[in-house]
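Reviewing the structure listed below.
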Amino acid sequence: MPKLIFVTGGVVSSVGKGITTASLGRILKSRGLRVTIQKLDPYLNVDPGTMSPYQHGEVFVTADGAETDLDLGHYERFLDQELPAGSSVTSGQVYYSVIERERRGDYLGGTIQAVPHLTDEIKRRIYDVIEDAQADVIICEVGGTVGDIEGQTFLETIRQIRHEEPRHDTLNVHVTFLPYIAAARELKTKPTQHSVRELRSMGIQPDVIIARSDHHVPRDICDKIGQYCDVQPHAVIPLETADTIYEVPLLLEQRGLGDFVMERLGLMGAPGLGEWTEMVHRLQHPEREVTIAVVGKYVELRDAYLSVNEALTHAGIAHKTDVKMRWVHAEDFEARDAGSLLDGVDGIIVPGGFGERGWEGKITAARYAREHGIPYLGLCLGMQAMVTEYARNVCGLEGANSTEFDPETRHPVISLLDEQRDITDKGGTMRLGHYPCRLAPGSHAAAAYGTDITMERHRHRWEFNNDYREPLEAAGLTASGTSPDGNLVEISEVRDHPFMLGTQFHPELQSRPNHVHPLFGQFVRIALEHAEERHPGASAIAVSSS
C-alpha cells in the first residue's frame, strides 16, 4: 500500500507550503522512492485558466494540457518529473463531476451531500493518481489555510482517509508561520497553537509541524510548540527563510524531516542529496553576472512570471552566472525612451500574456533588441510582438498587427486558427499542452536543442499567419521551428542577429534547476558573450568584487 502524506497550512497563506511540499518530495525521491504530488485547491473555479494573474499568479500547464496552480511548477522542478492533469484537483472540478453524475441519474434518486459524495470523489481522484503513477508515496497539498470554509471538504476527506488506512500509512505535515513582534523582540507561537486547534477540531492531529519564520527559531520555541500542540519535539522543524528556494530540501533534510518521515511511515532508504547540494553550491557561488530585462505588464507581481524567473535562474546555474533581472513595465515605453529603460542590459525577454495593455511597449522592446543587437527571447506573446515589429519596420507592412488587438488590421501577421474562431467558452479551449516541433538545420534553435525534433508545452489561441511567412522569410525572419507537417510556426528567429528568437510555446515550463531548458541556456550564454564584447572582463569582476 502506498503511503499518503497530507500537507496543510496555518496562520497565513503564502507561507511556503508549496515549496515545503516540493522539498519533501525531493527528499523522499532522493532516497530511492517513487514519489508523486497532488494539489488540492479549494476554490470553485474548475481551473485557474480564466483567473487574472493578480488573483492567482501564473498558470502552469502540464504536458497533457491541464491549466493548473503554479505550485505544480515547483513540484515538477523539484521532482524533475512530469506530473499529469490529475495532480491538480479543485473544488470546482469535484462539484462539477458530482453534479454531472447527478444530472445523469447515476445516484438513483439519492440526496447529494458533501459527505459522502464530494469526499468520495476527492478520494477517487487521490487514489487514481497513485495508481497511474505507481507511486510509493503521494504528497497531497491542501491549498489555503486551516479554517477556510472552502477547504473543509478536503480536510474531511483527509480525516476519513487517515481513519480508513493503517496508522503508519498516512502522515500530516502542518506548515505554520511564527510572527515576530518587534517591540517584544520575540516570536509568537499562539497563532500556531490556534491553527493546530482548528485542525484538530476537524479530526486531524498533525504529525509534523514546520515552523516558518523570517527570523531564527530557537530550540525552546520548537519544544513549546511540540508541548502545546501534542507533537513530538523532534517533529517540530524550524524553517527560516532561505536565500534560495532550492536550499530548502537541504535544510529540511539537515533538520531531520527525512529521517522522521521515513521512520514514521516504515520506509527504507538513505539520504541522497549530493547532486542537489552541488547544484545549490553552483547557484550560491556564481563566477559571472548578466543583466536581463523582463518586459511585461505584470512585473509588479513576480508570481505572474514565476517559471520565467526560475528558468533564468536555472540558466545561471548551468553557466555559473548570477542572472540579475531588471523588471520593466511594458506600459512605461509609452512615456519613456526605450534606451532609458533598457540601457546596459545584456538580454531582453518578453514573456507571454493576454490583453492589449502593454502590447505596443513589447513591440518597442523587440525593436530596441533588434536594432541594438541585444539577445532577445520572446515567449508566446513575446514572439508575436517580435514578428509584428519585424513586419512593420523591416518589411514595411504598415499597421501590421495581431487580430487579438486589431481585428480590422490590414496586415494580420498574427491571427486565429480556423478552429478557434467560433469558440465562445474561454476555459480550457486554447492550444494546451505538449505538441511536437521540428527544428530547421543550421538555426539558433537547432543549435540550442542539438536535435531535429522536440516536444514543448503551449497555452495560446493566436498563431503566426502563414500568409505572411514568405515575405517575412525573404526579409530575414525565418521559421526555424514548425509543426511536423510544416503548417504551424513554432519558432521564429531573425537571421542576421546574435540571438533574436521567439517561441509560440512556453519553454520556461520545462526548465529544471538541474536540467536547464536549452533555449534559456543558449540565451544566457549569448547574453554573457554580449556582455563580454561590451565590457571585457566586467562580468567576472562584478561578482568577484561583491
Side-chain angles (χ1 to χ4, degrees), residues 1-11 15-17 19-28 30-31 33 35 136-142 145-147 155 158-159 161-179 186-213 215-240 242 248-271 273:
M1 182 65 197
K3 311 297 183 178
L4 298 99
I5 300 174
F6 300 102
V7 181
T8 54
V11 183
V15 74
K17 184 156 45 68
I19 299 297
T20 301
T21 300
S23 298
L24 178 55
R26 178 74 256 173
I27 288 170
L28 296 179
S30 74
R31 290 173 178 247
L33 299 169
V35 181
D136 299 312
V137 179
I138 182 171
I139 308 173
C140 297
E141 177 196 347
V142 182
T145 56
V146 171
L155 293 178
I158 293 171
R159 184 200 67 77
I161 291 174
R162 282 170 64 87
H163 176 72
E164 294 162 0
E165 300 293 344
R167 179 179 180 275
H168 289 288
D169 283 347
T170 71
L171 181 137
N172 173 255
V173 177
H174 193 54
V175 184
T176 73
F177 183 70
L178 302 181
E186 63 178 339
L187 294 166
K188 291 296 185 181
T189 66
K190 190 65 71 176
T192 292
Q193 295 174 42
H194 284 301
S195 175
V196 171
R197 182 184 303 166
E198 183 75 24
L199 186 62
R200 293 171 75 176
S201 75
M202 298 292 294
I204 302 170
Q205 167 63 42
D207 302 293
V208 177
I209 293 178
I210 306 295
R212 282 281 294 111
S213 177
H215 300 265
H216 172 64
V217 181
R219 188 65 247 175
D220 64 313
I221 290 287
C222 296
D223 292 341
K224 181 178 180 180
I225 292 171
Q227 181 180 22
Y228 280 86
C229 298
D230 196 21
V231 172
Q232 298 177 48
H234 64 284
V236 179
I237 311 292
L239 183 57
E240 297 88 357
V248 175
L250 305 180
L251 295 174
L252 291 175
E253 182 71 277
Q254 175 189 337
R255 293 170 186 181
L257 179 62
D259 288 338
F260 179 86
V261 171
M262 297 291 284
E263 180 182 356
R264 169 68 172 71
L265 294 176
L267 296 167
M268 301 291 289
L273 287 172

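Here the CD atom belonging to Q193 is positioned 8.0 Å from the CD1 atom belonging to I225, to the nearest 0.5 angstrom. The CZ atom of R197 sits 11.0 Å away from atom OH of Y228, with the distance rounded to the nearest 0.5 Å. Taken to the nearest 0.5 Å, the CE atom of M1 stands 9.5 Å off from the OG1 atom of T170. Of the inter-residue distances, the one linking I139 atom CD1 with I5 atom CD1 reads 5.0 Å to the nearest 0.5 angstrom. From T189, atom OG1 reaches atom CD of Q227 across 10.5 Å, with rounding to the nearest 0.5 Å. Here the straight-line distance linking atom CD1 of I204 with atom NE2 of H174 works out to 10.0 Å at 0.5 Å rounding.
A 6.0 Å sphere centred on NE2 of H163 holds no more than 12 heavy atoms belonging to other residues, nucleotides or ligands. More than 12 heavy atoms of other residues, nucleotides or ligands lie within 6.0 Å of CD in E240, so this atom counts as buried by the packing criterion.
Heavy atoms only, all atoms of each residue included: L265 and D169 are closest at CD2-C, 4.0 Å. Contact record, L252 with S23: CD1-CB, 3.9 Å, taken as the closest heavy-atom pair. When all heavy atoms of V208 and F260 are compared, the closest pair comes out as CG2-CE2, 3.4 Å. In plain terms, the two heavy atoms of L273 and P249 that are nearest each other are CD1-O, 3.9 Å. Across all their heavy atoms, P218 and L187 have their closest contact at CD-CD1, 4.2 Å. Nearest heavy atom pair, residue I27 against residue G258, reads CG2-CA, 3.8 Å.
When side chains are defined from C-beta on, T176 does not count as touching P191, because their heavy atoms never get closer than 4.5 Å. Side-chain contact between L33 and M262 is present, with heavy atoms from C-beta onward closer than 4.5 Å. S195 has its side chain out of reach of L199: every pair of non-hydrogen atoms, C-beta onward, lies at least 4.5 Å apart. At a threshold of 4.5 Å between non-hydrogen side-chain atoms, the residues T145 and V15 do not count as touching. The closest side-chain heavy-atom distance from L28 to L24 is below 4.5 Å. Looking only at side-chain heavy atoms (C-beta outward), E141 and K17 come within less than 4.5 Å of each other. Between H168 and R264 there is a side-chain heavy-atom pair separated by less than 4.5 Å. No side-chain heavy atom of H234 sits under 4.5 Å from any side-chain heavy atom of C222.
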> Step by step, would you call E198 with T8 a side chain to side chain contact (heavy atoms under 4.5 Å, CB included)?
Replying inline: CA-CA 12 Å; E198 183 75 24; T8 54; over 6 Å; no
>> Go through it in stages, so that I can follow the logic: the residues are V196 and V231, the test is side chain to side chain contact (heavy atoms under 4.5 Å, CB included), and I'd like the CA-CA distance, side-chain angles, deciding distance and then a yes or no.
In response: CA-CA 10 Å; V196 171; V231 172; 5.9 Å; no
> Under the side chain to side chain contact (heavy atoms under 4.5 Å, CB included) criterion, do M202 and I158 qualify, and how do the steps go?
Replying inline: CA-CA 10 Å; M202 298 292 294; I158 293 171; over 6 Å; no
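A donor-acceptor pair under 3.5 Å is formed between the side chain of R212 and the backbone N or O of L239. With hydrogens and angles disregarded, no donor-acceptor distance shorter than 3.5 Å links the side chain of E165 to the backbone of L4. Not one N or O on the side chain of R162 forms a donor-acceptor pair closer than 3.5 Å with the backbone of G203.
No salt bridge links D136 with R31; every basic N to acidic carboxylate O contact stays at or beyond 4.0 Å.
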